[in-house]
**Q** 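Below are the structure tokens for one structure; questions will follow.
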There are 2 protein chains.
Amino acid sequence: MPEHEVNATAAALLGLLDGGPATGYALVGAAQEFLGDFWTVTRSQVYRELAAMADRGLVTAGAAGPRDRRPYEVTSLGRAAFDAWLHSDLGPEVVRVPLLLRLAFADRLDGERLAELVADQRAVHAERLRCYRELETAAVAGGTTDRQLLTLRFGIRYETGVLEWLDEVEAVR
Amino acid sequence: MPEHEVNATAAALLGLLDGGPATGYALVGAAQEFLGDFWTVTRSQVYRELAAMADRGLVTAGAAGPRDRRPYEVTSLGRAAFDAWLHSDLGPEVVRVPLLLRLAFADRLDGERLAELVADQRAVHAERLRCYRELETAAVAGGTTDRQLLTLRFGIRYETGVLEWLDEVEAVR
DNA sequence: TGGAGCATGTAATGAGTTACATGATTGG
DNA sequence: CCAATCATGTAACTCATTACATGCTCCA
């Protein structure tokens, strides 16, 4: 039984590579596009994972173009690893909310600063919500499948919830 | 202008230490109790941060008891660092949802496995919600301040939202 | 044609998790 | 007083972020 486990980020890359070979840089863009804010990947991560996966034979690097720009291609081993991941148990979900940490020590903040803090957060989340809503209508108009909209719907729900909670926070003061 | 910035985890420890000296192990417990699931800290983190802060003079280590068990105490420098953190800008909030990543590749999953996945998640989040609700009623009965309830309220909102979203997911299939 | 700005990759650092080691405690 | 269990700390590892380096492109 081969130990071909991959972490979630690597798996995401394998999934994206299933659509055809791509370079690291392209994968960063594809991930951002396809996975959005709920599973971010940075360039450094991508290159690290690609290199590691190449070592393990899950992908193969093509010939280097200009600046070491080389396309990676998924191997059958890689496809197997992706499939295994796809059927593996989900890891626990972590939600780290800086504002909650701050509020835990709210008694050490004067009321004015606290109000300012809440107002800032409200602006941030309202903007995100607006952005998601916009993307949603664009997607619906563009004929996206419901399945692809799920991410956006999650985002909308989440941001709405945060905003409502902020109301509560303000009510308590 | 001294560069006494601390990260959020270190700041949390400073905040907790403000209540009096404590050992690493005690701080782990206090953090879990006081910050809950929305800012987790592990033992390793705590000891690392304490050591680093001692190096920087933000805390001082007391005499070692049994197994190197030593209480840490916050210094005035540490108090200043905490205060600076308290008034600093909030970092961005990250929400990484493994289920969303999985669903992004849902077209590679057969319907049965997908349904199972969703059912599992539903169970997990329902249980968490139940747990938060229980804590909430206990807290209210125990006369906790509204402020301290905010974390719990966030949790309740969040879990409720996730469960509703799971309904949507199921509807799409 | 040169330099401003973008594309692409890498290195250094920081944060978080898992696995481990071992000293205390306590019920039988 | 021995074994099981809990308490406490440490080390090794994986993952993520920030800062950096440098090659390309394209327009003035």
Side-chain angles (χ1 to χ4, degrees), chain A residues 3-13 21-33 35 37-56 59 61-72 85 89-98 101, chain B residues 3-13 21-33 35 37-56 59 61-72 85 89-98 101:
Chain A
E3 265 292 340
H4 286 318
E5 288 184 21
V6 293
N7 65 29
T9 300
L13 295 177
T23 68
Y25 194 84
L27 285 169
V28 173
Q32 170 61 30
E33 167 82 16
L35 307 174
D37 291 341
F38 297 103
W39 203 273
T40 59
V41 299
T42 66
R43 280 208 293 290
S44 293
Q45 279 178 86
V46 168
Y47 293 117
R48 187 186 357 112
E49 294 301 338
L50 284 174
M53 288 197 293
D55 279 351
R56 298 170 57 192
V59 298
R67 148 199 353 199
D68 257 9
R69 193 166 185 278
R70 60 182 74 238
Y72 283 84
W85 171 79
D89 282 344
L90 285 177
E93 144 184 340
V94 297
V95 184
R96 288 195 129 196
V97 187
L101 179 58
Chain B
E3 265 293 337
H4 286 317
E5 288 185 20
V6 293
N7 65 28
T9 300
L13 296 178
T23 67
Y25 193 85
L27 285 169
V28 173
Q32 169 61 31
E33 166 81 17
L35 306 173
D37 291 340
F38 297 102
W39 204 275
T40 58
V41 300
T42 65
R43 279 207 295 290
S44 293
Q45 278 179 87
V46 168
Y47 292 118
R48 182 165 17 99
E49 293 301 338
L50 284 175
M53 290 198 292
D55 280 351
R56 298 171 56 192
V59 297
R67 150 198 356 196
D68 257 8
R69 194 166 184 281
R70 62 182 73 238
Y72 283 84
W85 171 80
D89 282 344
L90 285 177
E93 143 185 340
V94 298
V95 185
R96 288 196 128 195
V97 187
L101 179 59

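Values reported hereafter were calculated over all heavy atoms of this structure, with side chains retained and with hydrogens, waters and symmetry mates removed. Letters go in sequence order (proteins before strands), and every chain restarts at 1.
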**Q** Of the options D:dT8, C:dG9, D:dT17, whose atoms approach the side-chain atoms of A:Thr40 most closely?
**A** D:dT17
**Q** Report the C-alpha separation of B:Leu13 and B:Val46 in whole Å, then their side-chain angles, then the decisive distance to 0.1 Å, and conclude whether the side chain to side chain contact (heavy atoms under 4.5 Å, CB included) test is met.
**A** CA-CA 8 Å; B:Leu13 296 178; B:Val46 168; 4.1 Å; yes
**Q** Decide yes or no on side chain to side chain contact (heavy atoms under 4.5 Å, CB included) for B:Tyr25 and B:Leu27, but give the supporting numbers first.
**A** CA-CA 5 Å; B:Tyr25 193 85; B:Leu27 285 169; over 6 Å; no
**Q** In whole Å, what is the span from the CZ atom of B:Arg56 to the C1' atom of C:dG14?
**A**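 Between C1' of C:dG14 and CZ of B:Arg56: 13 Å.
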**Q** Without decimals, in angstroms, what is the distance between B:Phe38 CZ and C:dG16 P?
**A**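 Checked: the CZ to P distance equals 17 Å.
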**Q** For the pair made of OH in A:Tyr47 and P in C:dA7, what is the distance, rounded to whole Å?
**A**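 For the pair A:Tyr47 OH and C:dA7 P, the rounded distance is 12 Å.
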**Q** If we ignore hydrogens and angles and just use 3.5 Å, is the side chain of B:Arg70 paired with the main-chain N or O of B:Gly62 as donor and acceptor?
**A** yes
**Q** Rounded to whole Å, please give me the gap between OH in B:Tyr25 and P in D:dT10.
**A** 14 Å
**Q** How many whole angstroms separate atom CD of A:Glu5 from atom P of D:dT14?
**A** 13 Å
**Q** The side chain of B:Arg48 is closest to which nucleotide in this list: C:dT8, D:dT10, C:dG16?
**A**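 Between C:dT8, D:dT10, C:dG16, the one nearest the side chain of B:Arg48 would be C:dG16.
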**Q** Using a 4.0 Å heavy-atom cut-off, does A:Thr9 contact any base of the nucleic acid, only the sugar-phosphate backbone, or nothing at all?
**A**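 Result for A:Thr9 = sugar-phosphate.
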**Q** Per the atom types in the model, does the base of C:dT18 pair as donor or acceptor with the side chain of B:Thr42 at under 3.5 Å?
**A**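 Between C:dT18 and B:Thr42, which were checked side chain against base, a qualifying N/O pair under 3.5 Å is absent.
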**Q** B:Leu50 CG to C:dG16 C1': how many Å, rounded?
**A**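 Distance check: B:Leu50 CG to C:dG16 C1' gives 16 Å.
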**Q** Closer than 3.5 angstrom, by distance alone: can the side chain of A:Arg96 be matched with the main-chain N or O of B:Thr40 as a donor-acceptor pair?
**A** yes
**Q** Starting from P on C:dT18, measure out to CG on A:Asn7 and report it in whole angstrom.
**A**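 Answer to the nearest Å: 13 Å.
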**Q** As a test of reading the structure: which of C:dG9, D:dT18, C:dT17 is closest to the side chain of B:Ser44, going by heavy atoms?
**A**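 Within the option list, the nearest is C:dT17.
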**Q** Check step by step if side chain to side chain contact (heavy atoms under 4.5 Å, CB included) holds for A:Val95 and B:Trp39.
**A** CA-CA 8 Å; A:Val95 184; B:Trp39 204 275; over 6 Å; no
**Q** Of the nucleotides C:dG9, D:dA16, D:dA7, which has the atom closest to the A:Gln45 side chain?
**A**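 Nucleotide nearest to A:Gln45's side chain: D:dA16.
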**Q** Please compare B:Thr23 and B:Arg96 by the position of their nearest nucleotide in DNA chain D and report the one closer to 5'.
**A**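 Going by which nucleotide is closer to the 5' end, it is B:Thr23.
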**Q** Rounded to the Å, how far apart are B:Arg43 CZ and C:dT18 P?
**A**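 From B:Arg43 CZ to C:dT18 P: 12 Å.
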